[in-house]
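Accompanying notes for the structure given below.
Side chains included, hydrogens not; waters and symmetry mates left out as well; all remaining heavy atoms used. These numbers come from a predicted model, not from an experiment. Proteins come first, then strands; the chains are lettered A, B, ... in the order of their sequence lines, and each starts at number 1.
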Protein chains: 2
Amino acid sequence: MPAPTSIRLPARSSAAVEDYLERILELINTKGYARVVDIAQSLKISQASVTNMVQRLDAEGLLKYEKYRGLALTTAGEALARNITRRHQLLTDFLKLLGLDDDVIYHDVEGMEHHISPPTVRAIEALTEQLQRHPALLVKVRKDIDEN
Amino acid sequence: MPAPTSIRLPARSSAAVEDYLERILELINTKGYARVVDIAQSLKISQASVTNMVQRLDAEGLLKYEKYRGLALTTAGEALARNITRRHQLLTDFLKLLGLDDDVIYHDVEGMEHHISPPTVRAIEALTEQLQRHPALLVKVRKDIDEN
DNA sequence: TCAAAAAGTTAGCCATGGCTAAATTAGTTG
DNA sequence: CAACTAATTTAGCCATGGCTAACTTTTTGA
Ligand SMILES: [Mn+2]
Ligand SMILES: [Mn+2]
Ligand SMILES: [Mn+2]
Ligand SMILES: [Mn+2]
């Protein structure tokens, strides 16, 4: 039996962790890499704060980080990143159907995305699909909104 | 011109502040008052933490608190409480239409309610109303969910 | 090649919002 | 009305996640 070394608990990821992972994946997908300075600029957070979080994510096994060099998401980190990205995209698509402004959508999605559990994700997915198939109802919704 | 005494800034209310105000209003509406011990039990938070927050809310002008005695929401505090209550109720009604379990709904609403801005509130209100008027689409949504 | 600039890190600070333990006040009851 | 109990407050602690300033490492370009 191996020695009972320090066990790393699952560590339920916070909104901040999800925002970092989501942005890191996006940077990697668009420019091929995610440096501390890129993450900082993109999230409008100081480089020092990013360094701190990146080291924490490394310690939690969500990415591998080499000091002064670069970082790469681990399988676990990428899974989390894809998951939060899916929630972000879904909520954006959904609110877009309702005719809301992009700024409002972005602001609200950025907050809400951290609070929808898997069943709710599936339900909103199903609703979004049905609404896309039946635009008549959306026309009425938008009219109601305007009359307000 | 009056002396430039300590100005109390608007203090953009946090999720925690909203949760406290919402629960305080609910307690007042159901049992007529909201003592520290009631709030603590209801929010599953220690009495010491509640005392702390109640004093902060008093300092921010959201309620009037008399040490060791009782508290009452101010006009500003009650306005905020009613506002968050409305968002809570709306999201609950909306997710209920999608056929989600009450536990899931409560959990997700408790988080999401702090992140929907006024335009989004109005849009989801309009959508909820239209969905209630046209249940056919909801039937399909629920079927889609089950098939997953 | 080597100095300046850019990037990254560290140290130390802060606010928020939790907690427990101990002290204090208020309420109840024999 | 005194003592017990319940309620409340205070003190001191902690984690999270921001910040700035100062320092270090890496990259770049004359
Ligand atoms: Mn976010
Ligand atoms: Mn996002
Ligand atoms: Mn809440
Ligand atoms: Mn609520």
Of the nucleotides C:dG8, C:dG27, D:dT9, which has the atom closest to the B:Q47 side chain?
D:dT9
Counting side-chain heavy atoms from CB outward, which of C:dG18, C:dT20, D:dG18 is closest to A:Y20?
D:dG18
Under a 4.0 Å heavy-atom cutoff, the residues of residues 28-37 of chain B touching DNA chain D are B:R35, B:V36, B:V37
[X] vs [N]: side-chain N/O to OP1/OP2 distance below 4.0 Å:
X: A:K44; N: D:dG18; answer: no
X: A:S49; N: D:dC19; answer: yes
X: B:T51; N: D:dT9; answer: yes
X: A:K67; N: C:dA7; answer: no
X: B:Q55; N: D:dT8; answer: no
X: A:S46; N: D:dC19; answer: yes

Separation of [X] atom [atom1] from [N] atom [atom2], in whole Å?
X: B:N52; N: C:dC19; atom1: CG; atom2: P; result: 11 Å
X: A:I39; N: C:dT9; atom1: CD1; atom2: C1'; result: 14 Å
X: A:M53; N: D:dC19; atom1: CE; atom2: P; result: 11 Å
X: A:L43; N: D:dC19; atom1: CG; atom2: P; result: 10 Å
X: B:Q41; N: D:dA7; atom1: CD; atom2: C1'; result: 11 Å
X: B:E66; N: C:dA26; atom1: CD; atom2: C1'; result: 14 Å
X: A:I45; N: D:dT20; atom1: CD1; atom2: C1'; result: 15 Å
X: A:R69; N: C:dT9; atom1: CZ; atom2: C1'; result: 15 Å

Do B:H115 and A:H115 come close enough that some side-chain heavy atom pair is under 4.5 Å?
yes
Suppose the criterion is side-chain hydrogen bond (donor to acceptor under 3.5 Å, both in side chains): which pairs have a residue in residues 69-81 of chain B, not counting sequence neighbours?
B:E78-B:R82
Go through the steps for B:D144 and A:R122 under the test side chain to side chain contact (heavy atoms under 4.5 Å, CB included), then give the verdict.
CA-CA 9 Å; B:D144 285 3; A:R122 287 189 286 273; over 6 Å; no
For A:R142, enumerate each residue passing the side-chain contact (heavy atoms from CB on, under 4.5 Å) test, keeping only those at least two apart in sequence or located in another chain.
none
My understanding is that only residues two or more places apart in sequence, or in another chain, count here; which of them pass side-chain contact (heavy atoms from CB on, under 4.5 Å) with B:H134?
A:L137, A:K140, B:Q130
Nearest-nucleotide comparison on DNA chain D, the residue closer to the 5′ end among A:V17 and B:Y65:
B:Y65
Give the other cluster members for B:I84, using side-chain heavy-atom distances under 4.5 Å between Ile, Leu, Val, Met, Phe, Trp and Tyr residues; answer none if it is isolated.
none
Does the salt bridge (charged side-chain N to carboxylate O under 4.0 Å, His left out) test come out yes or no for A:K143 and A:E147, once each step is laid out?
CA-CA 6 Å; A:K143 182 171 306 183; A:E147 285 167 7; over 6 Å; no
Do A:E22 and A:R87 sit within salt-bridge range, that is, some charged N less than 4.0 Å from a carboxylate O?
no
Interatomic distance, NZ@B:K96 vs OG1@B:T128, rounded to 0.5 Å, equals 13.5 Å
Quick one: do B:Y20 and B:L62 satisfy side chain to side chain contact (heavy atoms under 4.5 Å, CB included)? Show the steps, please.
CA-CA 11 Å; B:Y20 274 93; B:L62 298 174; over 6 Å; no
Protein-nucleic acid N or O pairs under 3.5 Å, nucleotides 21-25 of chain D:
none

